[in-house]
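The figures that follow rest on heavy atoms only: side chains count, while hydrogens, waters and symmetry mates do not. From a predicted model like this one, the values you see are computed outputs, not experimental measurements.
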Amino acid sequence: MISGISNKSIVSFAFMALLMTGLSLWTGCNPSSQENQPDSILSMGKKQPGFVAIISGNWRSHIEPCGCTDKQRGGIDRRTDTILKLSPDQQSRLLLDSGPLILADDRQSQLKLEVFLRSFKTLGFDGISLTPMELVVWQENLGLSEEECPPIILTNLSEEGRSIYPVHPWITTTIHIDQRSMACLALSVCDPESVQDATLKEKVVLTDPVRAVQQALEEQSTSVNADDQLVVVMINSDTEGLPEQLATIDGVDLIVTQGYGDEPEPVTAGPVDGPLIFSMGIMGKYMAEVRLPVDHVGVVRAGQLSSVEIDSHNPRDPRIVKHMNNYQLALRAENLIANETLMPRLALNEENGFVGNTSCAYCHKEIFDKWSEFKHAHAMETLMKPEIDREFDPECVGCHTVAMRYDGGYISMAETPDLASVGCEACHGPGAKHVSESAAAMALRNKIPPYQTIFMACEVCHTHENSPEFEPNREAYFSKIRHWKKDERLYWK
């Protein structure tokens with residue numbers, strides 16, 4: 001078994017058919033009965049040598065995990081070694097990305113799209129799928145030529161759109177093993193109903209995706225000079241019903257759609273004898289491997305689907321690291337955090353403001369001193385280490401400072417040093433109103449007014465992706481930041 005491949009995730013195409021028809025799994029997997037079984041039924045045991053389709057997708061803007069804790073998966077720079085292990089011979093593999101890559105068109109997402117495009121080009125992807133929004137960002141906000149990107153596919157882009165955006169309706173390639181060959185046709189569609197923005201609809205006009213695939217198959221034959229053919233349709237929009245409609249088209253072998261779990265997994269839908277439909281895992285944590293044994297040429301669906309884990313054990317590709325370092329340099333040069341035009345900030349719900357840790361320490365010195373011993377108090381220092389260098393990355397800084405995304409919150413170490421790290425107001429909220437009301441109460445020797453106790457919950461930063469161990473161990477984590485006395489009274493008397 002190749003390192004990094006989850007045993008539990010190997011599912012043969014035939015196994016899906018068995019599930020849907022109610023046949024016994026043991027009958028199809030019993031080696032002693034293989035000779036009496038149809039060619040499309042394969043054992044779920046040892047992988048067979050053969051052609052390989054390697055597919056990624058559903059990135060949700062995650063070019064890499066945050067890196068703050070162990071056991072994090074993903075990273076576009078950590079898949080090169082895995083691709084080579086899955087298919088050492090580049091001539092025998094099909095390498096695709098089903099998209100989508102980014103979720104928004106803000107400036108940081110635009111810079112991320114450039115990393116994706118350059119990285120896929122470096123890795124030698126045969127084709128990738130872009131959404132209408134990503135097409136517009138590519139053309140209007142990035143200085144990348146068509147030659148600097150991998151082949152981009154959008155099958156149901158209108159003829160008018162093809163005169164504007166240099167994309168392919170499909171891509172064809174032939175892969176080889178010894179004297180065997182397989183012709184591959186890769187298509188990509190986006191459901192027009194998934195595009196809600198009126199301006200975007202005008203810029204990128206889409207046609208009916210089912211009809212577009214049918215026309216493509218009518219126009220393009222992939223069986224010339226090959227022993228077999230493989231037709232892959234990728235869906236880069238999250239739309240119910242479309243995979244099932246595409247599954248009724250004769251000649252389609254694989255349908256790749258979006259998913260919601262971490263790993264790629266089969267979707268039990270479509271006709272029993274139709275193509276395999278499977279969803280991609282989220283955030284680049286896994287890739288999908290579809291292996292087509294060479295001794296079953298003539299039956300494309302006689303293959304195996306596996307999810308391939310990408311984690312910190314996978315070595316980083318220095319070529320991709322260079323793209324990612326350039327991305328960090330761009331974030332530093334444009335300083336998005338201090339630019340409210342490029343990164344608009346949220347307004348506070350009431351007239352209030354942030355005062356910084358020092359103001360809190362004035363009345364709560366003992367609590368402040370205890371907090372100063374915690375990692376939270378040095379969170380920004382972590383990002384400033386030379387080997388990390390994320391001081392200008394909004395996604396990192398947002399969780400390592402006080403209220404970076406709010407009016408009056410953290411801007412920079414030079415302008416707002418007292419709002420650096422996970423300080424008092426990161427959890428308790430803006431303190432300006434509390435400070436002024438407390439001063440008035442103390443002057444009159446009245447009870448100090450209550451203070452907001454929760455501003456940002458722990459789970460905003462300690463997500464499943466950023467902090468995998470937090471959810472099942474919340475109380476243990478919380479005990480590590482306890483900085484008040486059990487009978488503490490947070491008012492003057």
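- Tested against E114, the residues R118, K112, Q110 include a single side-chain hydrogen bond (donor to acceptor under 3.5 Å, both in side chains) partner, R118.
- Although no hydrogens or angles enter the test, the distance criterion places a donor-acceptor pair under 3.5 Å between the side chain of E425 and the main chain of G431.
- At a threshold of 4.5 Å between non-hydrogen side-chain atoms, the residues H434 and V355 do not count as touching.
- Counting all heavy atoms, side chain and backbone alike, S129 lies closest to M234 at CB-CE, 4.3 Å.
- Using a 4.5 Å heavy-atom threshold, the side chains of P192 and P209 count as touching.
- For the side chain to side chain contact (heavy atoms under 4.5 Å, CB included) test with I235, the passing option among L187, V256, I277, L246 is L246; the others fail.
- Taken from OG1 in T199 to NZ in K201, the straight-line distance is 11.0 Å, to the nearest 0.5 Å.
- Residue pairs meeting the disulfide (SG to SG under 2.5 Å) criterion with at least one member in residues 72-107: none, sequence neighbours excluded.
- Checked against ring-ring contact (aromatic ring centres under 6.0 Å, His included), W138 has no partners two or more places apart in sequence or in another chain.
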Inset, instruction - Quick one: do D97 and M287 satisfy side chain to side chain contact (heavy atoms under 4.5 Å, CB included)? Show the steps, please. - result: CA-CA 9 Å; D97 189 89; M287 292 189 296; over 6 Å; no
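- Of all non-hydrogen atoms in L96 and L94, the two that sit nearest each other are CD1-CD2, 3.8 Å.
- Residues forming a side chain to side chain donor-acceptor pair (under 3.5 Å) with E465 (at least two apart in sequence, or on another chain): K285.
- Judged purely by atom type and a 3.5 angstrom limit, R291 uses its side chain to pair as donor or acceptor with the backbone of L86.
- Using modelled atom types, one finds no donor on one side chain facing an acceptor on the other under 3.5 Å when comparing D126 with T173.
- Shortest non-hydrogen contact noted between L419 and G409 is CD1-C, 3.6 Å.
- Distance alone, capped at 3.5 Å, is enough to place a donor-acceptor pair between the S87 side chain and the D89 backbone.
- Between R73 and D311 the shortest side-chain heavy-atom distance falls below 4.5 Å.
- V267 has its side chain out of reach of P243: every pair of non-hydrogen atoms, C-beta onward, lies at least 4.5 Å apart.
- Of the possible polar contacts, none joining the D77 side chain to the D317 backbone as a donor-acceptor pair under 3.5 Å is found.
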Legend entry - Worked check of side-chain hydrogen bond (donor to acceptor under 3.5 Å, both in side chains) between W371 and N357: CA-CA 10 Å; W371 165 84; N357 300 326; over 6 Å; no
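- Here the shortest heavy-atom pairing between L157 and V205 reads CD1-O, 3.7 Å.
- Sulfur atoms SG of C458 and C427 are positioned 2.5 Å or more apart.
- Using modelled atom types, no side-chain atom of Q229 and backbone atom of A183 make a donor-acceptor pair closer than 3.5 Å.
- R78 meets the side chain to side chain donor-acceptor pair (under 3.5 Å) test with no other residue; sequence neighbours excluded.
- In terms of the ring-ring contact (aromatic ring centres under 6.0 Å, His included) criterion, H323 has no residue partners (sequence neighbours excluded).
- Scanning for ring-ring contact (aromatic ring centres under 6.0 Å, His included) contacts around Y327 gives an empty result, with sequence neighbours left out.
- For E148, the side chain to side chain donor-acceptor pair (under 3.5 Å) partners at least two apart in sequence or on another chain are S145.
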Legend entry - Test disulfide (SG to SG under 2.5 Å) applied to C461 and C399, step by step: CA-CA 6 Å; C461 291; C399 281; 2.2 Å; yes
Would you give me the side-chain donor-acceptor pairs under 3.5 Å for residues 328-335, sequence neighbours excluded?
residue, atom, partner, partner atom, Å
Q328, NE2, D393, OD2, 2.9
R332, NH2, D389, OD1, 2.8
E334, OE1, R107, NE, 2.9
E334, OE2, R107, NE, 3.3
E334, OE2, R107, NH2, 2.8

Inset, instruction - Test side chain to side chain contact (heavy atoms under 4.5 Å, CB included) on F51 and L230 and set out the steps. - result: CA-CA 10 Å; F51 304 106; L230 173 68; over 6 Å; no
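- A donor-acceptor pair is defined here as one N or O able to donate and one able to accept, closer than 3.5 Å; such a pair exists between the side chain of H378 and the backbone of S372.
- Side-chain atoms of Q108 and L336, non-hydrogen and from C-beta on, do get closer than 4.5 Å to each other.
- No side-chain donor-acceptor contact under 3.5 Å links R79 to the backbone of S56.
- M133 has its side chain out of reach of V204: every pair of non-hydrogen atoms, C-beta onward, lies at least 4.5 Å apart.
- Pairing each heavy atom of Q258 with each of N236, the nearest pair is NE2-O, 3.1 Å.
- Sequence neighbours left out, not one pair with a member in residues 150-161 passes side chain to side chain donor-acceptor pair (under 3.5 Å).
- Side-chain atoms of E147 do not come within 3.5 Å of backbone N or O of L144 as any donor-acceptor pair.
- Each of L130, L135, V189 was evaluated against L154; a single residue qualifies, L135, per the side chain to side chain contact (heavy atoms under 4.5 Å, CB included) test.
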Inset, instruction - Kindly indicate, with the supporting measurements, whether the criterion side chain to side chain contact (heavy atoms under 4.5 Å, CB included) is fulfilled by F470 and T69. - result: CA-CA 10 Å; F470 181 82; T69 60; over 6 Å; no
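- Contact between I177 and S92 at its shortest, heavy atoms only, is CG1-CB, 3.6 Å.
- With rounding to the nearest 0.5 Å, the separation of CH2 in W170 from CG in L217 is 9.0 Å.
- Residues K480 and K375 fail the side-chain proximity criterion, which asks for heavy atoms closer than 4.5 Å.
- Among residue pairs with one or both ends in residues 399-423, those qualifying as side chain to side chain donor-acceptor pair (under 3.5 Å) are T358-D418; sequence neighbours excluded.
- Between Y477 and H462, the ring planes are perpendicular. Angles over 60° get that label, and only those under 30° would be called parallel.
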Legend entry - Trace of the side chain to side chain contact (heavy atoms under 4.5 Å, CB included) decision for F125 with I171: CA-CA 11 Å; F125 271 62; I171 62 104; over 6 Å; no
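- Remark: side-chain polar atoms of S98 are not paired, donor with acceptor, to backbone N or O of I128 under 3.5 angstrom.
- Judged by distance alone, with hydrogens and angles left aside, the side-chain atoms of E134 form a donor-acceptor pair with the main-chain N or O of L101 at under 3.5 Å.
- There is no side-chain donor-acceptor pair under 3.5 Å between D191 and S194.
- Here K203 pairs with E140 under the salt bridge (charged side-chain N to carboxylate O under 4.0 Å, His left out) rule; sequence neighbours left out.
- Taking the ring-ring contact (aromatic ring centres under 6.0 Å, His included) definition, one finds that F374 meets it with nothing, sequence neighbours left out.
- Counting non-hydrogen atoms of other residues, nucleotides and ligands closer than 6.0 Å to CD of Q139 gives a total above 12.
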